[in-house]
Amino acid sequence: MDGHRDSIKCMAKNPNYLKAIFSGSDDGDIRLWDLASRRTVCQFPGHQGAVQGLTVSTDGSVLVSCGSDCTVRLWNVPDANLADSDNLSDNSAKPVAVYVWKNAFRAVDHQWDGDLFATAGAQVDIWNHNRSQPVNTFDWGADTTISVRFNPGEPNILATSANDRSITLYDLRMSSPARKVIMRTKTNSIAWNPMEPMNFTSANEDCNCYSYDARKLEEAKCVHKDHVSAVMDIDFSPTGREFVTGSYDRTVRIFQYNGGHSREIYHTKRMQRVFCVKCSCDASYVISGSDDTNLRLWKAKASEQLGVVLPRERKKHEYLEAVKNRYKHLPEVKRIVRHRHLPRPVYKAANLRRTMIEAERRKEQRRKAHSAPGSIVTEPVRKRRIIKEVE
């Protein structure tokens, strides 16, 4: 879907309208898209700089946007019947409220159940729809906060990541942050598992994603590998069984929530660096926004049949899927199921990265073999990228 004139940096879903998606770009343009007709339903002009964050309230009636122009804007979400209108020139909305603040904003997220929303920038600010000033402010360190996400199960818990390579948990009922873990590289985005609200996954600069239990941050539950460049954004499927990631290596990957490697990869020749990704509310599609000003719609299962499926067809698909699951351990079947075509740059970068990791592993083994017993302790991968936890 083409319409923006600059890089797409953020997206938001409407929980009450399945085929609607909001997108914001570097030129300050915000658009509401109808995924079925692949065209713009409404535009939200007003931001003078890049739109850095978008979020929609729980009831789907209010859109909150923030940007580098130091403003937070609240918009009324238009009704679905606007999609039937052919005259798009009149479909420009005006902000309901504009809040001007002293610092630029990097991200925004709305409470899953409540009237509060949080913005990330020089500090973490908590806002109410009816107040022009933040109702609460959190600050732990002097670095810029780059992402913020509310917990889907506990409305008062939120997680943030910052430029000082930290992941911080906040509790709105407390006057200070709760816990913080410092990693070796920066975390670009965070996503909570909607079915297991105590778990979240972070998209990191070191090409990997790390799944954590919020109650035990000193060790990652799982390390998700396959990207060959920084992971820019991440979003969980509503089922909680999978999540989608977008990377600087110009690919979109889908991971199992407990799988170390991706089960699917999407790429095109024209798609550039992917800055934002979202799963649709019915877990059937994946939407990506990239540096080439386009939104792309992918199927969550690449071979899935679209449209109406007859009962006999559904039974046949279920039978074939059961056969694949039964024999997936066989080498011939495993090779066919896992095989994916990769772009040449990604394929070469993956081989180079694999060679470097293998060389480091051999070097560590030799150093350990030629040292005194117990003098060198091999640290597991789940702990290796974590420097310390602060409470």
Side-chain angles (χ1 to χ4, degrees), residues 9-13 22-26 28 30 44 46-58 61-75 77 95-152 155-164 166-178 180 186-192 200 202 232-235 275-276 278:
K9 286 298 178 65
C10 54
M11 291 191 296
K13 297 180 289 188
F22 296 92
S23 63
S25 66
D26 270 348
I30 302 174
F44 304 86
H47 280 284
Q48 301 301 316
V51 180
Q52 300 286 359
L54 290 174
T55 185
V56 182
S57 61
T58 310
S61 61
V62 178
L63 170 69
V64 183
S65 65
C66 68
S68 57
D69 57 354
C70 306
T71 62
V72 176
R73 296 173 185 265
L74 272 61
W75 316 78
V77 177
V96 178
V98 179
Y99 305 146
V100 181
W101 199 230
K102 53 189 176 183
N103 300 311
F105 298 101
R106 297 291 302 273
V108 64
D109 192 42
H110 201 282
Q111 220 173 10
W112 283 61
D113 185 16
D115 295 330
L116 301 179
F117 62 92
T119 57
Q123 67 273 335
V124 179
D125 297 316
I126 310 300
W127 303 73
N128 190 295
H129 288 188
N130 303 317
R131 299 282 296 275
S132 60
Q133 298 287 329
V135 297
N136 204 349
T137 297
F138 295 101
D139 190 7
W140 193 348
D143 266 310
T144 303
T145 307
I146 57 177
S147 70
V148 58
R149 289 287 179 94
F150 271 99
N151 188 293
N156 294 313
I157 301 295
L158 68 151
T160 66
S161 64
N163 278 333
D164 61 354
S166 66
I167 299 174
T168 311
L169 297 180
Y170 296 88
D171 192 337
L172 301 185
R173 297 162 294 190
M174 300 172 61
S175 58
S176 61
K180 177 165 73 170
K186 185 176 66 174
T187 297
N188 290 318
S189 184
I190 295 173
W192 293 92
F200 67 89
S202 63
M232 303 304 296
D233 197 17
I234 182 172
D235 188 49
F275 288 118
C276 52
K278 290 291 180 185

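From a predicted model like this one, the values you see are computed outputs, not experimental measurements. Side chains included, hydrogens not; waters and symmetry mates left out as well; all remaining heavy atoms used.
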Please examine the side chains of [Y] and [X], heavy atoms only from C-beta on, and report whether any two atoms are closer than 4.5 Å.
{"X": "F150", "Y": "L172", "answer": "yes"}
{"X": "V62", "Y": "H110", "answer": "no"}
{"X": "F22", "Y": "V77", "answer": "yes"}
{"X": "T160", "Y": "Y170", "answer": "yes"}
{"X": "P134", "Y": "I126", "answer": "no"}
{"X": "V56", "Y": "K13", "answer": "no"}
{"X": "T145", "Y": "R106", "answer": "no"}
{"X": "S132", "Y": "Y99", "answer": "yes"}

query: Can you tell me if D115 and H129 form a side-chain donor-acceptor pair at under 3.5 Å?
result: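 Absent: no donor and acceptor within the cut-off.
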
query: Is there a donor-acceptor contact under 3.5 Å linking the side chains of S147 and S161?
result: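 Yes, side-chain donor-acceptor contact under 3.5 Å.
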
query: Which is it for L158 and V124 under the side chain to side chain contact (heavy atoms under 4.5 Å, CB included) test, yes or no, and what are the steps along the way?
result: CA-CA 10 Å; L158 68 151; V124 179; 4.1 Å; yes

Quick check for you: to the nearest 0.5 Å, what is the distance between [X] atom [atom1] and [Y] atom [atom2]?
{"X": "N103", "Y": "C70", "atom1": "CG", "atom2": "SG", "result": "6.5 Å"}
{"X": "Q111", "Y": "I157", "atom1": "CD", "atom2": "CD1", "result": "10.5 Å"}
{"X": "D235", "Y": "I190", "atom1": "CG", "atom2": "CD1", "result": "13.0 Å"}
{"X": "T137", "Y": "D125", "atom1": "OG1", "atom2": "CG", "result": "4.0 Å"}
{"X": "K278", "Y": "D233", "atom1": "NZ", "atom2": "CG", "result": "6.0 Å"}
{"X": "M11", "Y": "I30", "atom1": "CE", "atom2": "CD1", "result": "14.0 Å"}

Between [X] (side chain) and [Y] (backbone), is there a donor-acceptor pair under 3.5 Å?
{"X": "W192", "Y": "R149", "answer": "yes"}
{"X": "S166", "Y": "K180", "answer": "no"}
{"X": "Q48", "Y": "G46", "answer": "yes"}
{"X": "T58", "Y": "W112", "answer": "yes"}
{"X": "S68", "Y": "G49", "answer": "no"}

- prompt: For H47 and T71, what are the C-alpha separation, side-chain angles and deciding distance, and is it a side chain to side chain contact (heavy atoms under 4.5 Å, CB included)?
  reply: CA-CA 8 Å; H47 280 284; T71 62; 3.5 Å; yes

Heavy-atom closest contact ([X] atom, [Y] atom, distance):
{"X": "S61", "Y": "S57", "value": "N-OG, 3.5 Å"}
{"X": "S23", "Y": "L54", "value": "C-CD1, 3.5 Å"}
{"X": "C10", "Y": "G53", "value": "SG-N, 3.8 Å"}

- request: Assess whether side chain to side chain contact (heavy atoms under 4.5 Å, CB included) is satisfied between W101 and V72, documenting all intermediate values.
  value: CA-CA 8 Å; W101 199 230; V72 176; over 6 Å; no

task: Decide side chain to side chain contact (heavy atoms under 4.5 Å, CB included) for I146 and N163; before the verdict, give the C-alpha distance in whole Å, the side-chain angles of both, and the deciding distance to 0.1 Å.
output: CA-CA 7 Å; I146 57 177; N163 278 333; 3.5 Å; yes

